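A short write-up of the structure that comes next.
Proteins come first, then strands; the chains are lettered A, B, ... in the order of their sequence lines, and each starts at number 1. None of these values were measured; they are calculated from a predicted model.
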There are 2 protein chains.
Amino acid sequence: MRLTNARDLGLFVRERRRRLGMTQTELSGLAGVSRRWLSDLEAGKPTAEIGLVFRVVHALALTLEARPAEAEPGAIDLDDLLRDLRTSRG
Amino acid sequence: MRLTNARDLGLFVRERRRRLGMTQTELSGLAGVSRRWLSDLEAGKPTAEIGLVFRVVHALALTLEARPAEAEPGAIDLDDLLRDLRTSRG
DNA sequence: CGTGCATGTGCACGTACGCGCACAGAGGCT
DNA sequence: AGCCTCTGTGCGCGTACGTGCACATGCACG
């Protein structure tokens, strides 16, 4: 699942939690966060602290991966493009 | 790159930023965050808000992906295992 | 050596976090 | 109908956030 914002994250966490058959109370205890906060997170709260988010992610046996955005079909390497932009007129 | 905690995230952001030839000032302006905060983020601050993190991630042309943790070589499906645990003694 | 840029960091401010508690609404089960 | 579980949410508290500013260090260049 691709996460682009807090709402995505919240929905994904909720779905994952349900898939594992957990309640908010159980997951919050497992992750060491309050149920109150978890409820807000699942609702897409954008001000949630990433440290707590990582705790929840681990408790859900999830892996978080970051990678450069997909190259367009035009086959231009975005990394090089941006870097060139910077080094040429920066 | 696999991100497991705030420190990972910070280091990854820093490396990615440098790879694109950006300074903290440039990236912070592009992402709409303060340079102060970006500096802290790259240092691994665990209390950073995920909303701002997503802004930086986008500004770096990055994709964030979440997925179930890898299954052990023992071939037990962790999802099923956890779900069964819950439904049988919950 | 002096200048300029990149980065880290202390400070003060206004704001909102995350927490626990308590209650309300919605289902499900008997 | 009555009961129990799950979830959302208002409130109040103590705390730390994120921001902007200013300064210091480190490094490259002429």
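- Applying the 4.0 Å criterion to OP1 and OP2 of D:dC17, one finds that B:T47 has a side-chain N or O inside that range.
- For A:R36, counting side-chain heavy atoms from C-beta on, the closest listed nucleotide (D:dC11, D:dG18, C:dC17) is D:dC11.
- Using a 4.0 Å heavy-atom distance criterion, A:E42 is classed as making no nucleic acid contact.
- Listed for the A:R55 side chain is a donor-acceptor partner under 3.5 Å among the backbone atoms of A:A31.
- For the pair B:E26 CD and C:dA6 C1', the interatomic distance rounds to 10 Å; values are reported in whole Å.
- Residues B:T4 and A:H58 meet the side-chain proximity criterion, which asks for heavy atoms closer than 4.5 Å.
- Using a 4.0 Å heavy-atom distance criterion, A:A43 is classed as making no nucleic acid contact.
- Rounded to an integer number of Å, the gap from CG of B:L52 to C1' of D:dT19 is 11 Å.
- Distances from the side chain of A:E49 to the nucleotides D:dT7, C:dC17, C:dG20 place C:dC17 closest.
- The side chain of A:Q24 places an N or O atom within less than 4.0 Å of a non-bridging phosphate oxygen (OP1 or OP2) of D:dG8.
- Look at CZ on B:R18: it is 6 Å from P on C:dT7, rounded to the nearest Å.
- Among the nucleotides D:dC11, D:dC17, D:dT7, the one closest to any side-chain atom of A:R35 is D:dT7.
- The side chain of A:W37 lies closest to C:dG18, out of C:dG18, D:dC17, D:dT7.
- What separates CG of B:L41 from C1' of C:dG8 is a distance of 14 Å, to the nearest Å.
- Atom CE in B:M22 sits about 12 Å away from atom P in C:dT7, given to the nearest Å.
- Distances from the side chain of B:R14 to the nucleotides C:dG18, C:dG8, D:dT7 place C:dG8 closest.
- The listed nucleotides are D:dT9, D:dT19, C:dG18; the one nearest the side chain of A:S39 is D:dT9.
- For the side chain to side chain contact (heavy atoms under 4.5 Å, CB included) with A:L60, the qualifying choice from A:V56, A:T63, A:V57 is A:V56, the only one to do so.
- B:L38 has its CG atom 13 Å from the P atom of C:dA6, to the nearest Å.
- Proximity of A:Q24 to A:E42: side-chain heavy atoms (C-beta onward) are separated by under 4.5 Å at one or more points.
- Of the side-chain N and O atoms in B:K45, one or more sit less than 4.0 angstrom from OP1 or OP2 of D:dC17.
- Between A:S28 and the choices A:R35, A:R17, A:M22, the side chain to side chain contact (heavy atoms under 4.5 Å, CB included) rule is met once, by A:R35.
- Of the candidates D:dT19, C:dA6, C:dG18, the closest approach to any side-chain atom of B:T23 belongs to C:dA6.
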